[in-house]
Amino acid sequence: MSECRLHLVPVRSREAKDFVRTWHRHHAPPPGQIFAVGAADEEGTLRAVAIVGRPVARHLDDGTTLEVTRTASDGARNANSLLYGASWRAAKALGYRRLITYTQDGESGASLRSSFTQGSHDSRIARLLWEAP
């Protein structure tokens with residue numbers, strides 16, 4: 001995909017799930033969500049989405065933790081990094097204390113590392129876990 005400047009846009013649940021159905025490599029959209037955020041190019045074309053919801057693992061669903069349950073992109077450069085950062089800022093603004101997500105073994109996690117200046121790594125639970133001070 002070509003280089004383009006992306007900006008954040010609000011995305012409704014149905015639009016985010018339709019985007020995931022179209023672009024995600026190996027998963028269907030998650031069943032529920034707390035919020036979704038999108039990344040669009042200068043023309044307003046949606047290029048990526050992140051869906052954030054309650055943690056799938058029951059022992060992590062403590063009322064103060066959210067999980068990025070799905071991201072999908074058409075290949076736009078740095079889209080996932082933009083969305084992970086925005087998801088954490090939104091979760092924190094809503095009063096949540098942690099945001100978790102998972103990656104598959106073959107994925108590098110580069111988008112996660114580039115999205116945050118603060119984080120702790122625990123591969124037993126999640127690929128990267130962020131906590132508010």
| request: Grab the two heavy atoms, one from Pro55 and one from Ile100, that are nearest each other, plus how far apart they are. | output: CB-CD1, 4.3 Å

| task | Using the test side-chain contact (heavy atoms from CB on, under 4.5 Å), find all partners of Ala90 that sit at least two apart in sequence or belong to another chain. | result | Phe35

| said: Looking at Thr64 and Arg97, would you say the former's side chain and the latter's main chain have a donor-acceptor pair under 3.5 Å? | reply: no

| task | Would you indicate whether the side-chain heavy atoms of Glu67 and Leu60 approach each other to under 4.5 Å? | result | no

| Any ion pair linking Asp61 and Arg58 (charged N to carboxylate O, less than 4.0 Å)? | no

| Do any N or O atoms from the side chain of Lys17 and from the backbone of Arg12 form a donor-acceptor pair under 3.5 angstrom? | no

| remark: Value for OG (Ser87) from CG (Asn80), rounded to nearest 0.5 Å, stands at 9.5 Å

| field | Joint cluster assignment, Leu66 & Val56, ILVMFWY side-chain distance < 4.5 Å | value | no

| Side-chain donor-acceptor pair present, Thr65, Asp62, cut-off under 3.5 Å | yes

| task | State, to 0.1 Å, how close Pro30 and Ile51 come at their nearest heavy-atom pair, and which atoms those are. | result | CG-CG2, 3.7 Å

| note | Those residues at least two apart in sequence (or on a different chain) that pass side-chain contact (heavy atoms from CB on, under 4.5 Å) with His7 are Val9, Ala40

| query | Closest heavy-atom contact between Tyr102 and Ala57? | reply | OH-CB, 4.4 Å

| query | For the residue pair Ala39 and Leu6, what are the closest heavy atoms and their distance? | reply | CB-CD1, 4.3 Å

| field | From Phe19 atom CZ to Thr71 atom OG1, the distance as rounded to the nearest 0.5 Å | value | 10.0 Å

| task | Please round to the nearest 0.5 Å and tell me the distance separating atom CZ of Arg47 and atom CG of Leu82. | result | 12.0 Å

| Closest non-hydrogen atom pair between Val11 and Ala16, with its separation | CG1-N, 3.5 Å

| message | If we ignore hydrogens and angles and just use 3.5 Å, is the side chain of Glu42 paired with the main-chain N or O of Arg5 as donor and acceptor? | response | yes

| request: With the side chain counted from C-beta on, respond yes when Leu8 and Val37 share a heavy-atom pair under 4.5 Å apart, and no when they do not. | output: yes

| field | Any donor-acceptor pair under 3.5 Å from Arg70 side chain to Val49 backbone | value | no

| task | Drop me the distance from Arg98's CZ to Trp88's CH2, to the nearest 0.5 angstrom. | result | 10.0 Å

